[in-house]
Amino acid sequence: MLTMSKMTKLNNGNQIPTLGYGTFRSPESDNLSACVKTAIESGYRLIDTAAIYENEASVGKGINEAISEGIVSREELFITSKVWNDHTTYEETLQAYEEALKKMQLDYLDLYLLHWPGLDNDNDFIPQWQALETLYKEGKVKNIGVCNFHVHHLEKLLAVAEVVPAINQIELNPLQSQKKVHSFNIEKGIQTEAWTPLVNGEILENKTLQTIASKYNKTTAQVILRWQIQTNVITIPKSLTPSRIKENIDIYDFELTADDILLIESLNEDGHYGPNPDHFDFGR
């Protein structure tokens, strides 16, 4: 039975699904297109990609196949991509958006994100953000936001921004709960979104999480994703296995207790599975 993702309101009044389909480290292929289509058939309405993933064409193919077959309308979908750090100027960022649309064969995106802040002493992400603001003000993109921004990055941005980011997509999972950034996002009306919520599958054997999962007759992955949406975090798990794609969205028929949530949050180690935004400039 189709399980449809619930919705969360953003700071501009627009709605975003609470759970989406991520495509990080999913190479360009017909298999990826088929998985995107499977995700949409299973009830996902948020699809996330990025220029640096080098898979926008395959993601777009899966989206357009689902639309052409009448599975979903374009208006029902929430499509995200991100500008990479090889487009650092205002003009290059505008060009990157057009390139993303061309690769995905879409007329617009629902969310466009600035992918990494870079190192403050070397580079400036403000021109990129101003380009995103132009795209937003001209109605070419529905929402704009950032990725991997720590509090000090957000403070620098908010000091000059005319549009408050709708989203801050960060690495967030039970081993890295990012409470400081998440709390700041809430304070400023920015929605937190989690990438790598399942730590590339490495966390699924955690005994504490397995114990909680057995109580609800759910998988460890489902418990992690449920924890995130119950703590006001949008989450975008990735899988190229159709059964797991369907399983990951089936999280709306149970609710974790406050004690469960505290137990999950006790696993936090404040580490980074991926790169630390304060230490890498990613080609800027």
Side-chain angles (χ1 to χ4, degrees), residues 1-10 14-26 32 35-50 53 59 62-63 66 71-72 75-82 109-111 113 142-143 145 147 166-174 176-178 182 185-186 190-201 203-204 209 212-213 216-256 260-261 264-265:
M1 185 171 65
L2 180 70
T3 302
M4 194 76 70
S5 178
K6 309 300 182 183
M7 304 293 285
T8 293
K9 185 179 288 187
L10 298 173
N14 291 336
Q15 299 274 336
I16 182 174
T18 59
L19 187 148
Y21 181 66
T23 63
F24 179 43
R25 291 180 178 165
S26 300
L32 175 57
C35 286
V36 169
K37 183 180 170 183
T38 295
I40 294 171
E41 289 174 324
S42 303
Y44 292 79
R45 295 296 178 259
L46 165 58
I47 308 295
D48 181 276
T49 184
Y53 300 171
V59 171
I63 290 168
I71 298 168
V72 70
E75 292 72 25
E76 292 176 273
L77 295 174
F78 193 101
I79 312 302
T80 302
S81 193
K82 313 173 189 78
L109 295 180
D110 297 274
L111 177 64
L113 301 174
K142 303 288 186 180
N143 309 276
C147 294
I167 293 282
N168 183 16
Q169 187 183 115
I170 57 176
E171 182 184 9
L172 193 155
N173 56 70
Q176 186 188 10
S177 57
Q178 294 258 44
H182 185 35
N185 287 342
I186 293 172
I190 302 169
Q191 176 64 52
T192 302
E193 185 175 33
W195 63 266
T196 318
L198 306 178
V199 199
N200 205 32
I203 198 173
L204 301 183
L209 295 172
I212 295 173
Y216 296 98
N217 195 29
K218 289 290 184 177
T219 67
T220 308
Q222 288 171 323
V223 164
I224 293 170
L225 300 175
R226 182 70 203 184
W227 161 68
Q228 291 189 323
I229 67 169
Q230 278 189 226
T231 53
N232 192 31
V233 174
I234 305 299
T235 186
I236 47 171
K238 181 208 82 171
S239 178
L240 295 176
T241 304
S243 61
R244 290 178 181 167
I245 291 172
K246 297 172 184 178
E247 181 182 276
N248 285 343
I249 199 173
D250 187 20
I251 60 170
Y252 296 101
D253 59 350
F254 76 108
E255 186 169 328
L256 299 171
D260 291 330
I261 290 174
I264 292 170
E265 291 180 349

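Numbers here are sequence positions counted from 1.
At distances below 3.5 Å, not a single donor-acceptor pair connects side-chain atoms of Gln228 with backbone N or O atoms of Ile234. Ser239 places a side-chain N or O within donor-acceptor distance of the main-chain N or O of Thr241, the cut-off being under 3.5 Å. Counting only distance, with no hydrogens or angles, the side chain of Glu171 and the backbone of Thr196 share no donor-acceptor pair below 3.5 Å. For the pair Arg45 (side chain) and Ser5 (backbone), a donor-acceptor distance under 3.5 Å is absent. Without hydrogens or angle criteria, Gln222 side chain to Glu247 main chain gives a donor-acceptor distance under 3.5 Å. At least one donor-acceptor pair under 3.5 Å links the side chain of Asp110 to the backbone N or O of Ile79.
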Inset, instruction - Give the C-alpha distance, both sets of side-chain angles, the deciding distance and a yes or no for side-chain contact (heavy atoms from CB on, under 4.5 Å) between Gln230 and Ile261. - result: CA-CA 9 Å; Gln230 278 189 226; Ile261 290 174; 3.6 Å; yes
Inset, instruction - Decide yes or no on side-chain contact (heavy atoms from CB on, under 4.5 Å) for Ile40 and Tyr21, but give the supporting numbers first. - result: CA-CA 9 Å; Ile40 294 171; Tyr21 181 66; over 6 Å; no
Legend entry - Working for side-chain contact (heavy atoms from CB on, under 4.5 Å), residues Leu10 and Gln15: CA-CA 6 Å; Leu10 298 173; Gln15 299 274 336; over 6 Å; no
Inset, instruction - Take Asp260 and Tyr216 through the test side-chain hydrogen bond (donor to acceptor under 3.5 Å, both in side chains) and record every step on the way to the result. - result: CA-CA 11 Å; Asp260 291 330; Tyr216 296 98; 2.3 Å; yes
Legend entry - Verdict with supporting geometry, Leu19 and Tyr44, side-chain contact (heavy atoms from CB on, under 4.5 Å): CA-CA 7 Å; Leu19 187 148; Tyr44 292 79; 3.2 Å; yes
Inset, instruction - Apply side-chain hydrogen bond (donor to acceptor under 3.5 Å, both in side chains) to the pair Tyr252 and Thr18, showing each step before the final yes or no. - result: CA-CA 11 Å; Tyr252 296 101; Thr18 59; 2.6 Å; yes
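Atom-to-atom distance recorded for Leu77:CG and Leu46:CG is 9.5 Å, nearest 0.5 angstrom. Expressed to the nearest 0.5 Å, how far CH2 of Trp227 lies from CD1 of Ile251 amounts to 12.5 Å. A distance of 11.0 Å separates OG of Ser177 from CD1 of Ile264, quoted to the nearest 0.5 Å. Remark: Leu198 CG to Asn173 CG distance equals 8.5 Å, nearest 0.5 Å. Atom OH of Tyr53 sits about 6.0 Å away from atom OG1 of Thr23, to the nearest 0.5 Å. Atom-to-atom distance recorded for Cys35:SG and Leu240:CG is 4.5 Å, nearest 0.5 angstrom.
For the pair Thr38 and Lys246, the minimum side-chain heavy-atom distance is below 4.5 Å. The shortest side-chain heavy-atom distance between Ile167 and Leu111 falls under the 4.5 Å cut-off. Between Leu113 and Thr80, some side-chain heavy-atom pair lies under the 4.5 Å cut-off. The shortest distance between side-chain heavy atoms of Leu204 and Leu209 does not fall below 4.5 Å. Ile236 places none of its side-chain heavy atoms less than 4.5 Å from the side chain of Phe24. For the pair Asn168 and Thr192, the minimum side-chain heavy-atom distance is 4.5 Å or more. Counting heavy atoms from C-beta outward, Ile224 and Ile203 have side chains that approach closer than 4.5 Å. A heavy-atom distance below 4.5 Å is found between the side chains of Arg226 and Phe254.
For Gln191, there are no side chain to side chain donor-acceptor pair (under 3.5 Å) partners two or more places apart in sequence or in a different chain. With sequence neighbours excluded, the residues satisfying salt bridge (charged side-chain N to carboxylate O under 4.0 Å, His left out) with Lys218 are Asp250, Asp253. Residues passing the side chain to side chain contact (heavy atoms under 4.5 Å, CB included) test with Ala213 are Thr220, Val223, sequence neighbours excluded. In this view, Glu76 satisfies the salt bridge (charged side-chain N to carboxylate O under 4.0 Å, His left out) rule with no residue, not counting sequence neighbours. The side chain to side chain donor-acceptor pair (under 3.5 Å) search around Asp48 returns Lys82, Gln169, not counting sequence neighbours. Among residues two or more places apart in sequence or in another chain, the salt bridge (charged side-chain N to carboxylate O under 4.0 Å, His left out) test is passed with Lys238 by none.
In terms of heavy-atom proximity, Ala50 sits nearest to Ser81 at CA-OG, 3.4 Å.
Lys37 NZ: more than 12 foreign heavy atoms inside a 6.0 Å radius.
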